[in-house]
Novice: 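Before I ask anything, here is the structure I am working with.
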Amino acid sequence: VDRYWEPELDNETRQWLAVARDLGVNYFGPLAEELDRDERYPWENVKLLVESGLVSLFVPREFGGKELSLTAVCAVAEEVSRACSSTGAILAAYALGAYPILLAGTDEQKSKYLGELMAGDAVSFALTEVGAGSDASAIKTTAIREGDRWHIEGEKIYIGNGGASRYYVVFAKTAAEGSIREGTTAFMVDRESPGVIIDRYESKMGIRGTNTSNLKLDTYVGHGDIVGELGRGMRLAFQTLNVGRITVASQSTGIALAALDAGVAEAARRQTFGASIIDHQGIGFRLADCATATTAARMLTYEAASAFDQGKDVSILGAMAKLFASEAAHDAANTAVQVFGGDGFCKPCIAERLYRDQRVLEIYEGSSEIQRLVISRSLKALANSPEG
Ligand SMILES: Cc1cc2nc3c(=O)[nH]c(=O)nc-3n(C[C@H](O)[C@H](O)[C@H](O)COP(=O)(O)OP(=O)(O)OC[C@H]3O[C@@H](n4cnc5c(N)ncnc54)[C@H](O)[C@@H]3O)c2cc1C
């Protein structure tokens, strides 16, 4: 399906894409079924991502990185996700944790944390709490100033890469009253500090090779551990998610491509009533629709990444890309299950696995409902604007 349309990528990005493809075909793809079955975090894949440099493409040159565009990060995320959904999600989690530092960190923070990230020590993005997922402003974790230090207390949940990361960007309330949006601050927290406890690992429906944990905090950090400005943490979280959603869109197109690859191959192979099932229009047309939606999702995703690289506001385009691409992945995986028939309902079958893997794409980093909310609010603002 990727033959019908290809993004225009510069030579350097193409070279990185070739590295990702090679690792995907030879290492990540062959391991995907085992990771899912055994619910195992693939340290060997992480090592390959770190050693090849794929995990840190976005790190600026002045901090020792490649300083590649979001377009390049997305191209690689798509390719890795196409081979193994879990490994793609791990790669995306590395980027999500790093972006608050990239967007708002001091040079000292960038040098320390991005340097460690290039050596494999990941940072996780820790926003969600029991009562605060879609409604992120409802967070209850507090940070109270005590002299030069801040006492952070609370519990985060569903932290992507949580148990594998060394650091966390933790969003905590720093104002007892007033606007929570203005009264939230981002802090760097070291897993090795006293009072940082992980004691719950989620057992998930899909992307079972990823590590998703809680993070209990009763700990102290220094004033220098604030990321960005005091009181501007929620803005930073949303700015980060604007980028993260485009990366999730790339994970989605990677999984959609994998589902189509599998579905089309099986539909061309399997015969019923004297014909390949792709020749029965009920199946062939469904695959045609999925191929069209996946191609459109890729175009939208690359366009959103390119808009970000040009410094444009991607809050709406990114929401559209994530919404459309995650739903395209859902349809492609659902169709693949149907194409495989009984086999598609039983393990081990790639369609069955992808059907479970894709489901989270419609939930994390803003559910589909939240993306529709973001887009519809913007439509309302347009209608009410003088040019509306
Ligand atoms: C595998 C995994 C990894 C994750 N990784 C991270 C991470 O790294 N860092 C992090 O901070 N969080 C992470 N999350 C959390 C994730 O972002 C949240 O689960 C998600 O935002 C949804 O929040 P919630 O689970 O509290 O659901 P809720 O907010 O309770 O929503 C439940 C349902 O209600 C709908 N809903 C809520 N409000 C509205 C509304 N206004 N209009 C219409 N429908 C609405 C939602 O769309 C959803 O369908 C992860 C989650 C998972 C499952």
Side-chain angles (χ1 to χ4, degrees), residues 35-36 39 41 77 81 85-101 122-141 152 154-173 184 186-189 191 198 200-217 227 233-234 236-245 247-249 251-252 255 318-319 322-323 326-327 329-330 356-378 380:
L35 300 182
D36 174 66
E39 214 170 4
Y41 187 77
S81 301
S85 316
S86 290
T87 309
I90 291 169
L91 186 67
Y94 262 80
L96 184 69
Y99 261 94
I101 303 165
V123 183
S124 280
F125 179 87
L127 176 64
T128 304
E129 298 179 11
V130 169
S134 303
D135 184 7
S137 302
I139 58 166
K140 293 211 159 39
T141 294
I152 304 183
E155 182 176 356
K156 298 291 176 178
I157 58 166
Y158 296 146
I159 307 308
N161 229 17
S165 285
R166 167 69 196 263
Y167 301 102
Y168 306 89
V169 180
V170 170
F171 296 86
K173 274 171 64 180
T184 301
F187 295 89
M188 290 307 303
V189 172
R191 185 181 178 171
I198 292 174
R200 185 182 159 83
Y201 294 91
E202 304 301 336
S203 179
K204 304 187 292 292
M205 172 201 271
I207 57 165
R208 285 162 54 83
T210 64
N211 180 313
T212 313
S213 76
N214 71 342
L215 183 69
K216 285 184 175 164
L217 299 159
V227 187
M234 205 48 85
L236 180 57
F238 290 141
Q239 278 175 332
T240 303
L241 288 170
N242 281 344
V243 188
R245 284 168 183 169
T247 322
V248 177
Q251 287 176 255
S252 308
I255 293 176
K322 189 206 178 247
L323 173 64
S326 60
E327 294 191 349
H330 186 138
R356 289 182 287 104
D357 285 342
Q358 58 74 30
R359 199 60 185 79
V360 76
L361 303 165
E362 294 170 305
I363 295 171
Y364 66 15
E365 296 195 37
S367 62
S368 293
E369 288 78 10
I370 295 307
Q371 308 310 328
R372 289 192 164 90
L373 199 72
V374 167
I375 299 162
S376 63
R377 276 188 187 151
S378 153
K380 184 180 170 195

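Just follow the structure's listing: the first ligand is 1, and inside any ligand the first atom is 1. Just so it is clear, the structure is predicted and the values come from calculations on it, not from any experiment.
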Novice: Please state which protein non-hydrogen atom is closest to atom 39 (C) of ligand 1 and give its distance, to 0.1 Å?
Specialist: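 Residue, atom and distance for the closest contact: Ile370 CD1, 4.0 Å.
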
Novice: Please list the nearest protein heavy atom to atom 49 (O) of ligand 1 with its residue and the distance rounded to 0.1 Å.
Specialist: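 Heavy-atom neighbour on the protein nearest atom 49 (O) of ligand 1: Glu369 OE1, 3.6 Å.
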
Novice: Return the set of residues passing side-chain contact (heavy atoms from CB on, under 4.5 Å) with Val248 (not counting sequence neighbours), or none when no residue passes.
Specialist: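 Val248: side-chain contact (heavy atoms from CB on, under 4.5 Å) contacts with Gln251, Ser252, Lys322, Leu361, Tyr364, Glu365.
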
Novice: Quick one: does Lys156's side chain get under 4.5 Å of Thr128's, heavy atoms only?
Specialist: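 SC-SC contact between Lys156 and Thr128 ruled out.
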
Novice: Is there a polar contact between ligand 1 and Glu129, counting only N or O atoms under 3.5 Å apart?
Specialist: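 In fact, backbone or side chain, Glu129 has no N or O that close.
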
Novice: What closest approach, in Å, do Ala136 and Leu127 show between heavy atoms, and which atom pair accounts for it?
Specialist: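 Scanning both residues, the minimum pair turns out to be CB-CD2, 3.9 Å.
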
Novice: Could you find the nearest protein heavy atom to atom 46 (C) of ligand 1 and give me its residue, atom name and distance?
Specialist: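 Protein heavy atom at minimum distance: Ser367 OG, 3.6 Å.
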
Novice: Find all atoms of ligand 1 within a distance of less than 4.0 Å from any non-hydrogen atom belonging to Val360, and give their numbers and elements.
Specialist: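 Those atoms are 1 (C), 53 (C).
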
Novice: Would you please name every residue forming a side-chain contact (heavy atoms from CB on, under 4.5 Å) with Glu39, sequence neighbours left out?
Specialist: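 Listed in chain order: Ser203, Arg208.
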
Novice: Starting from atom 3 (C) of ligand 1, which protein heavy atom do you reach first, and at what distance in Å?
Specialist: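 Residue, atom and distance for the closest contact: Tyr364 CD2, 3.4 Å.
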
Novice: Return a yes/no value: protein heavy atom under 4.0 Å from atom 32 (C) of ligand 1?
Specialist: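 False for atom 32 (C) of ligand 1.
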
Novice: Could you walk me through whether Lys204 and Thr212 pass the side chain to side chain donor-acceptor pair (under 3.5 Å) test, one step at a time?
Specialist: CA-CA 9 Å; Lys204 304 187 292 292; Thr212 313; 3.0 Å; yes

Novice: Counting non-hydrogen protein atoms only, what is the nearest one to atom 17 (O) of ligand 1? Give residue, atom name and distance.
Specialist: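 Here the closest protein heavy atom is Glu365 N, 3.5 Å.
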
Novice: Has the side chain of Arg245 got a donor or acceptor atom that lies under 3.5 Å from a matching backbone atom of Ala319?
Specialist: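 Not at all, since once roles are kept as given, no pair shorter than 3.5 Å links the two residues.
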
Novice: Check this for me: does any side-chain nitrogen of one of Arg372 and Glu327 sit under 4.0 Å from a carboxylate oxygen of the other?
Specialist: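 Judged by the 4.0 Å cut-off on N to carboxylate O distance, Arg372 and Glu327 do form a salt bridge.
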
Novice: Is it the case that ligand 1 has an N or O less than 3.5 angstrom from some N or O of Phe125?
Specialist: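 Checking ligand 1 against Phe125, an N or O pair does fall under 3.5 Å apart.
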
Novice: Would you confirm whether any non-hydrogen atom of the protein falls under 4.0 Å from atom 14 (N) of ligand 1?
Specialist: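 Yes, because at least one protein heavy atom sits under 4.0 Å from atom 14 (N) of ligand 1.
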
Novice: Within the 4.0 Å heavy-atom shell around Ile363, which atoms of ligand 1 are there?
Specialist: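 Matching atoms, with element in brackets: 20 (C), 21 (O).
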
Novice: Can you find an N or O of Gly160 that's nearer than 3.5 Å to an N or O of ligand 1?
Specialist: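 Yes, there is a polar N/O contact under 3.5 Å.
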
Novice: Would you say atom 42 (N) of ligand 1 touches the protein, meaning some protein heavy atom is under 4.0 Å from it?
Specialist: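 Under 4.0 Å from atom 42 (N) of ligand 1, zero protein heavy atoms found.
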
Novice: If you take all heavy atoms of Leu215 and Tyr168, which pair is closest and at what distance?
Specialist: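 Looking at all heavy atoms of both residues, the closest pair is CD2-CG, 3.6 Å.
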
Novice: Is atom 6 (C) of ligand 1 close to the protein, meaning a heavy atom under 4.0 Å from it?
Specialist: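 True for atom 6 (C) of ligand 1.
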
Novice: Below 3.5 angstrom, do we get any N/O pair linking Thr128 and ligand 1?
Specialist: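 Yes, there is a polar N/O contact under 3.5 Å.
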
Novice: Could you pull out the closest heavy-atom pair between Asp357 and Ile207, with the gap in Å?
Specialist: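 Scanning both residues, the minimum pair turns out to be OD1-N, 2.7 Å.
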
Novice: Would you check, one step at a time, whether the test side chain to side chain donor-acceptor pair (under 3.5 Å) holds for Glu202 with Ser213?
Specialist: CA-CA 6 Å; Glu202 304 301 336; Ser213 76; over 6 Å; no

Novice: Using a 4.0 Å cutoff against the non-hydrogen atoms of Lys204, which atoms of ligand 1 qualify?
Specialist: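 Selected atoms, number and element: 1 (C).
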
Novice: Looking at Ala186 and Leu236, what are the two nearest heavy atoms and their distance?
Specialist: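 Nearest heavy atoms, Ala186 then Leu236: CB-CD2, 4.0 Å.
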
Novice: For Thr141 and Glu129, does a side-chain donor sit closer than 3.5 Å to a side-chain acceptor?
Specialist: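 Looking only at side-chain atoms, Glu129 and Thr141 do form a donor-acceptor pair, the distance falling under 3.5 Å.
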
Novice: Is there a polar contact between ligand 1 and Leu373, counting only N or O atoms under 3.5 Å apart?
Specialist: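 Checking ligand 1 against Leu373, no N or O pair falls under 3.5 Å apart.
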
Novice: Just to confirm my output: which protein heavy-atom neighbour is closest to atom 27 (O) of ligand 1, and how far is it?
Specialist: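 It is Ser134 OG, 4.2 Å.
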
Novice: Measure the distance from atom 24 (P) of ligand 1 to every protein heavy atom, then report the residue, atom name and distance (to 0.1 Å) of the closest one.
Specialist: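 Checking every protein heavy atom, the shortest distance to atom 24 (P) of ligand 1 gives Gly133 CA, 3.9 Å.
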
Novice: Heavy-atom count around Tyr41 OH within 6.0 Å, excluding the residue itself: above 12?
Specialist: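 Count over threshold, so yes.
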
Novice: To which protein heavy atom is atom 4 (C) of ligand 1 closest, and what is the distance rounded to 0.1 Å?
Specialist: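 Going atom by atom, the protein heavy atom closest to atom 4 (C) of ligand 1 ends up being Tyr158 O, 3.1 Å.
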
Novice: Examine Asp135 against ligand 1 and note whether any of their N/O atoms are separated by less than 3.5 Å.
Specialist: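 Checking ligand 1 against Asp135, no N or O pair falls under 3.5 Å apart.
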
Novice: Does the protein put any heavy atom within less than 4.0 Å of atom 51 (C) of ligand 1?
Specialist: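 Yes, there is a protein heavy atom closer to it than 4.0 Å.
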
